[in-house]
Amino acid sequence: MAPRFLVCPPDRFGVRYAINPWMTAHVGTTTPDAVRQWERFAELLGCVADAEMVVLESRAAAPDLVFTANAALTIGNLAVVSSFRHAERRREQPLYRAALARAGFATTFLRQTYFEGAGDALFDRVRPLLYAGYGWRTERGATLQLAEIVGCRVLPLLLVDERFYHLDLALCPLSTGHVLAYMNAFSPHAQTMLRRAIEPGYLIEVSVDDALRFACSTVEVRDTLVMHDCSRALREQLHAIGYRVFRTDLSEFHKAGGSAKSLTLRLDDGPAAAATAVSA
Ligand code: ARG
C-alpha cells in the first residue's frame with residue numbers, strides 16, 4: 001500500500017511572526033519561491049516515491065498550516081491532535097482536526113498540556129518505541145500521557161538547543177533501523193537514553209552542519225529519502241545502507257524553521273511490532 005501523507009500547499013504561507021529563532025530575521029519578508037519549491041517537493045513524493053497525498057486547503061489566517069507534521073500524531077486510525085504552545089498557531093488546531101476526521105480518523109487531544117504532534121513524536125520504524133521530544137514546544141507531561149495511548153515504550157527526550165525546537169529537526173528514525181540524530185540538540189540524559197535504545201551501528205550521528213541544513217527533516221518513502229540538503233559524507237552513508245537520496249531546495253520554508261519532514265504528516269503511522277525489532 002502507498003504511504004499516505006497529509007500536506008497543505010503554501011499559497012498563503014509566509015513569515016508573519018517569530019515563534020522560533022529561524023523566523024526572527026524573516027518576519028514580514030516575502031517567500032516568492034515557496035510555491036515552486038513545494039510543488040517540486042510534492043512531485044518528488046508523489047511521482048518518484050509514489051506516496052499518496054491528502055491535501056488540506058490553505059487559510060490566510062494560518063501561515064504555518066503548511067507544516068502539517070504539527071497537526072497530530074496518528075496511531076492506526078486514531079489521531080492525537082496537537083495543542084499548540086503559541087497562540088499564533090492555535091487557530092490551526094480545529095482545521096487539522098476537521099481534516100483528519102474527514103480522512104477517517106477518530107480524533108482526541110491530550111489534557112492540559114502542550115503537544116505539537118509528529119513534530120515532537122516519532123515512532124521508531126523497527127523497535128516498539130516512540131521518541132518524544134519536549135522542552136521548547138511539547139511539555140514533558142504530554143510525553144507521559146502519550147505513554148498511556150500509544151501501546152509501546154515512550155522515550156521522553158529533552159531538547160536543549162532552540163534551533164532544534166522540534167524533535168523532527170534533530171532525529172529521524174528510518175525503516176532500516178538506523179536513526180539519524182544531531183546529538184547536541186539533546187540533554188546529556190536524553191543522549192544517554194538514545195545510545196541505550198539504539199545499537200551503536202544503527203545510530204547515525206549527523207554533524208552540526210548537516211543538522212543546520214535540516215538533514216534530519218527527511219521524508220522516507222520506501223527506499224527513497226527526500227530532504228533539503230546534506231553533506232556528501234552523509235549522502236554516502238545513506239546510499240551505503242540502501243537509500244536513494246533526493247535533495248530539493250526548501251530554503252523558503254527554512255525561514256519559518258521547517259523543512260521536508262515538517263511539511264508532511266504520515267497518516268499510516270503507529271508503533272513497530274516488537275517481533276521486527278533489530279537485535280543488538
Ligand atoms: N513556524 C513553524 C513553528 O514555529 C514551523 C514548524 C516546523 N515544524 C516542524 N515539525 N519542525 O511552529
Side-chain angles (χ1 to χ4, degrees), residues 5-10 12-31 34 37-38 41 56 58-74 79-93 95-96 114-123 130-139 142 157 159 161-173 180-182 185-186 206 210-220 226-228 250-267 269:
F5 294 100
L6 179 72
V7 295
C8 172
R12 274 116 148 195
F13 167 70
V15 185
R16 312 254 172 76
Y17 45 77
I19 56 171
N20 69 54
W22 300 87
M23 300 176 95
T24 312
H26 298 289
V27 178
T29 59
T30 53
T31 49
Q37 290 184 357
W38 188 89
F41 168 68
L56 166 65
S58 67
R59 296 292 171 92
D64 273 338
L65 200 64
V66 293
F67 298 113
T68 52
N70 297 124
L73 175 69
T74 66
V80 183
V81 178
S82 294
S83 305
F84 287 95
R85 180 178 288 266
H86 296 288
E88 289 86 341
R89 292 202 70 183
R90 281 187 206 140
R91 58 176 75 99
E92 296 175 40
Q93 187 198 52
L95 304 172
Y96 286 141
Y114 298 126
F115 170 56
E116 299 206 354
D120 271 332
L122 301 170
F123 283 109
L130 177 77
Y131 302 100
Y134 70 95
W136 300 108
R137 298 294 181 84
T138 295
E139 292 178 290
L157 300 168
L159 295 165
D161 181 334
E162 200 179 3
R163 295 171 300 177
F164 307 98
Y165 60 93
H166 275 142
L167 179 68
D168 66 358
L169 301 175
L171 192 91
C172 180
L180 302 178
Y182 173 57
F186 298 95
V206 310
D210 276 325
L212 288 169
R213 285 191 255 188
F214 287 149
C216 294
S217 182
T218 284
V219 187
E220 176 184 4
V226 181
M227 64 168 74
H228 166 74
L250 292 168
S251 51
E252 297 294 340
F253 300 97
H254 290 201
K255 296 176 182 169
S259 196
K261 153 72 175 56
S262 334
L263 294 168
T264 63
L265 174 70
R266 181 95 192 232
L267 292 176
D269 211 351

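We number each residue from 1, following the sequence as shown. All ligand and atom numbering here is 1-based and tracks the order in the structure.
The shortest side-chain heavy-atom distance between Leu212 and Arg163 falls under the 4.5 Å cut-off.
When the side-chain hydrogen bond (donor to acceptor under 3.5 Å, both in side chains) test is applied to Thr264, no partner is found at least two apart in sequence or on another chain. Under the rule for a side-chain hydrogen bond (donor to acceptor under 3.5 Å, both in side chains), the partners of Asn70 that lie at least two apart in sequence or sit in another chain are Arg89, His166.
The side-chain hydrogen bond (donor to acceptor under 3.5 Å, both in side chains) contacts involving residues 18-31 comprise Asn20-Tyr165, where partners must be two or more places apart or lie in separate chains.
With hydrogens and angles disregarded, no donor-acceptor distance shorter than 3.5 Å links the side chain of Ser217 to the backbone of Leu169.
Tested against Phe5, the residues Leu265, Leu263, Val219, Leu267 include a single side chain to side chain contact (heavy atoms under 4.5 Å, CB included) partner, Val219.
Using a heavy-atom distance under 4.0 Å as the criterion, the protein contacts of ligand 1 are Ile19, Asn20, Met23, Asp64, Phe67, Ala69, Asn70, Arg89, Gly119, Arg137, Tyr165, His166, Asp168, Leu169, Ala256, Gly257, Gly258, Ser262.
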